[in-house]
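For reference, the structure is listed below as structure tokens.
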Amino acid sequence: MEKQVIEYAGVPVGISVPEGNRVKFIAVKFPVIDLDGGIYSSVADLQRAIRTHMKNNQSNTQDGIGGLSWTPSNARNAFSAA
């Protein structure tokens with residue numbers, strides 16, 4: 001495993017770093033700061049956690065990250081890992 005930039009809807013929100021055979025999330029955007037330091041079995045699990053977190057906190061994230069607005073419809077295919 002290598003370090004990866006984690007994006008949500010095209011906006012970098014953090015990085016994943018190897019933690020043994022798992023990944024640790026380092027948040028760089030406030031809307032996902034609650035997930036900072038979390039350990040996940042895979043990048044896919046991390047992305048799922050971010051998607052769930054953003055959906056559950058939608059009322060707090062209407063202004064979005066980087067000026068983008070988050071909705072459940074754009075959350076489904078929002079991820080990319082560089």
Side-chain angles (χ1 to χ4, degrees):
M1 273 185 227
E2 295 183 12
K3 295 177 188 176
Q4 294 184 52
V5 173
I6 303 297
E7 296 182 352
Y8 182 81
V11 177
V13 295
I15 61 170
S16 66
V17 295
E19 183 81 16
N21 61 349
R22 297 164 56 177
V23 295
K24 181 176 183 175
F25 180 60
I26 309 296
V28 297
K29 293 290 185 178
F30 186 74
V32 295
I33 199 71
D34 291 341
L35 303 177
D36 186 58
I39 307 291
Y40 301 88
S41 61
S42 67
V43 171
D45 284 345
L46 167 57
Q47 292 170 332
R48 193 171 13 265
I50 293 171
R51 185 172 33 254
T52 300
H53 176 76
M54 295 300 286
K55 182 179 178 184
N56 291 341
N57 293 294
Q58 184 178 356
S59 63
N60 296 330
T61 59
Q62 287 299 312
D63 293 334
I65 298 172
L68 298 176
S69 180
W70 307 106
T71 64
S73 62
N74 70 6
R76 178 170 296 135
N77 297 315
F79 286 103
S80 73

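- Side-chain atoms of Asp45 do not come within 3.5 Å of backbone N or O of Tyr40 as any donor-acceptor pair.
- In this structure, CD on Gln4 lies 8.0 Å from CD on Gln47, to the nearest 0.5 angstrom.
- Leu46 and Val28 fall into different hydrophobic clusters, where Ile, Leu, Val, Met, Phe, Trp and Tyr are joined by side-chain heavy atoms under 4.5 Å apart, directly or via other members.
- Residues Ile39 and Val23 form no side-chain contact, since every pair of their non-hydrogen atoms from C-beta on lies 4.5 Å or further apart.
- The two residues Pro12 and Gly10 have their closest heavy-atom pair at CD-O, 3.9 Å.
- Remark: side-chain polar atoms of His53 are not paired, donor with acceptor, to backbone N or O of Ile33 under 3.5 angstrom.
- Residue Phe25 comes nearest to Leu35 through the heavy atom pair CD2-O, 3.5 Å, listed as atom of the first residue, atom of the second, then distance.
- Here Ser41 contributes atom OG and Arg48 contributes atom CZ; the two are 7.5 Å apart, rounded to the nearest 0.5 Å.
- Between Ile6 and Val43, the shortest heavy-atom distance links the atoms CD1-CG1, 3.8 Å.
- At least one side-chain heavy atom of Lys3 sits under 4.5 Å from a side-chain heavy atom of Pro18.
- Among all heavy-atom pairs drawn from Ile15 and Val5, the shortest one is CG2-CA, 4.2 Å.
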